There are 2 protein chains.
Amino acid sequence: MPHPDATHGDCANTTTLYGRARVSAQRAAIAEVVPLMRGAFTAEDLHRAVAAHTPGIGLATIYRAIAAMQEAGALASVGERDGSALLAACARNDHHHHLVCTGCGRVVGIECPIDEATLNAAEREGHLVTSHQIVLYGLCSRCRQREGA
Amino acid sequence: MPHPDATHGDCANTTTLYGRARVSAQRAAIAEVVPLMRGAFTAEDLHRAVAAHTPGIGLATIYRAIAAMQEAGALASVGERDGSALLAACARNDHHHHLVCTGCGRVVGIECPIDEATLNAAEREGHLVTSHQIVLYGLCSRCRQREGA
DNA sequence: TCGCGAAGTGAGAATAGTTCTCACTTAGGA
DNA sequence: TCCTAAGTGAGAACTATTCTCACTTCGCGA
Ligand SMILES: [Mn+2]
Ligand SMILES: [Mn+2]
Ligand SMILES: [Zn+2]
Ligand SMILES: [Zn+2]
């Protein structure tokens, strides 16, 4: 029976976030903030958010944690904005893609649209598809209302 | 009846490549090289290829011509490699996407796989899809043979 | 054909997101 | 508890791309 004291142990399932990588105090702090990030964010966004609770944390540490989380599949790359890579926390572990609201950054998962027909078309061209990169952009209902479109 | 002399006029239909933008001697030279580029290439690749026939042409000129050709829809962005944007000449003017061979850079066009089901799924989440970015990666038949996979 | 003004050019500086270096600390398995 | 590979922070470095600026030129209109 585990001790109910929540101040110890894998708060916010750091194993899911970081895989087999070590969990430093900094990464634990990052692990608490990442699930709170609403929608897509940049490395600098995350740095700012984490630094609010953990002053002095280095930007390089953020980048290294991001790399570890991407490695572990807990963080997805969802395009870019103004030259900065956009990221999104992702709890799903099946194959899917992301739809990003260009108004507010909200992110939802989308089933992979690549079907047999597409793969067959590629094969007809002589190509064997090994990977793909898909990001959809749009407007969430709230942003559509706000813009009155 | 047009004069058959091919050394004058819009060689390699520069209007298609550059749209309404001006066609300088440098852009004319670029227009001759772009259709010869095999598969995906970077700005530096193009610069090197053009400079072989037009020494001294500036890299900034290449970037500006690329921007104009993308604007005109004659050049497509097909992902990146080692931090550099990958481009591909594209003659089609219908909506489609690209499949890039990770071995040799060969590029083929692919029909858009996004169907009603995907759009409906997005709508069910409250989102209206306004655009999307899709690139497929794979191996062409020649590269598969070479790698013996 | 001529003139003019906006667009393009080239060299190099600037920008900026990301990665790297290095001395130091620390997580976590043995 | 020890040991060491992994992580950290500050700042330098990297580098693809964009910008600046003085100069040239394309191409339209008179
Ligand atoms: Mn997801
Ligand atoms: Mn194409
Ligand atoms: Zn929104
Ligand atoms: Zn190939």
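So you know, we letter chains A, B, ... as the sequences are listed, proteins then strands, and number each from 1. What you see is a predicted model; the values in this text were computed from it and never measured.
- At whole-Å resolution of the value, CD in A:Glu80 and P in C:dA16 are 15 Å apart.
- Shown for residues 49-65 of chain A: residues whose heavy atoms fall under 4.0 angstrom of DNA chain D, namely A:Gly56, A:Ile57, A:Gly58, A:Thr61, A:Arg64.
- As a member of the Ile/Leu/Val/Met/Phe/Trp/Tyr network built from side-chain separations under 4.5 Å, A:Leu36 groups with nothing else and remains a singleton.
- Regarding A:Tyr18, its OH atom lies at a distance of 17 Å from the P atom of D:dA6, rounded to whole Å.
- A:His47 has its NE2 atom 18 Å from the P atom of C:dA16, to the nearest Å.
- A donor-acceptor pair under 3.5 Å is formed between the side chain of A:Arg144 and the backbone N or O of B:Gly126.
- When the P atom of C:dT18 is taken as reference, atom CG of B:Asp82 falls 16 Å away, rounded to whole Å.
- Taking atom CD1 of B:Ile30 as the reference point, atom P of C:dG8 lies 12 Å away to the nearest angstrom.
- Salt bridge B:Arg92/B:Glu111: present, at least one basic N to carboxylate O contact under 4.0 Å.
- Note on A:Arg27: a side-chain N or O is less than 4.0 Å away from OP1 or OP2 of D:dG7.
- The CD-P distance, from B:Glu71 to C:dA7, rounds to 13 Å in whole Å.
- Rounding to the nearest 0.5 Å places CG of A:Leu87 at 5.0 Å from CD1 of A:Ile66.
- As a whole-Å value, the separation of A:Asp45 CG from C:dT18 P is 11 Å.
- Summarising the geometry, the separation between CZ on B:Arg22 and C1' on D:dT24 is reported as 11 Å, rounded to the nearest angstrom.
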Residue pair A:Tyr137, B:His132: steps toward the side chain to side chain contact (heavy atoms under 4.5 Å, CB included) verdict
CA-CA 6 Å; A:Tyr137 297 96; B:His132 56 269; 5.7 Å; no

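- Looking at which nucleotide of DNA chain C each of B:Ala25 and A:Thr42 is closest to, the 5′-most match is held by B:Ala25.
- Contact check, B:Ser24 against D:dC26: no side-chain N or O comes under 4.0 Å of OP1 or OP2.
- Minimum atom distance to the side chain of A:Ser84 is reached by C:dG17, of the listed D:dT4, C:dG17, C:dG8.
- Under 4.0 Å is where a charged nitrogen must lie from a carboxylate oxygen, and between B:Asp45 and B:Arg38 no such pair does.
- Of the possible donor and acceptor atoms, one in the side chain of A:Thr102 sits under 3.5 Å from a partner among the backbone N and O of A:Gly138.
- The nucleotide whose nearest atom lies closest to any side-chain atom of A:Gln26 is, among D:dT8, D:dA16, D:dG7, D:dT8.
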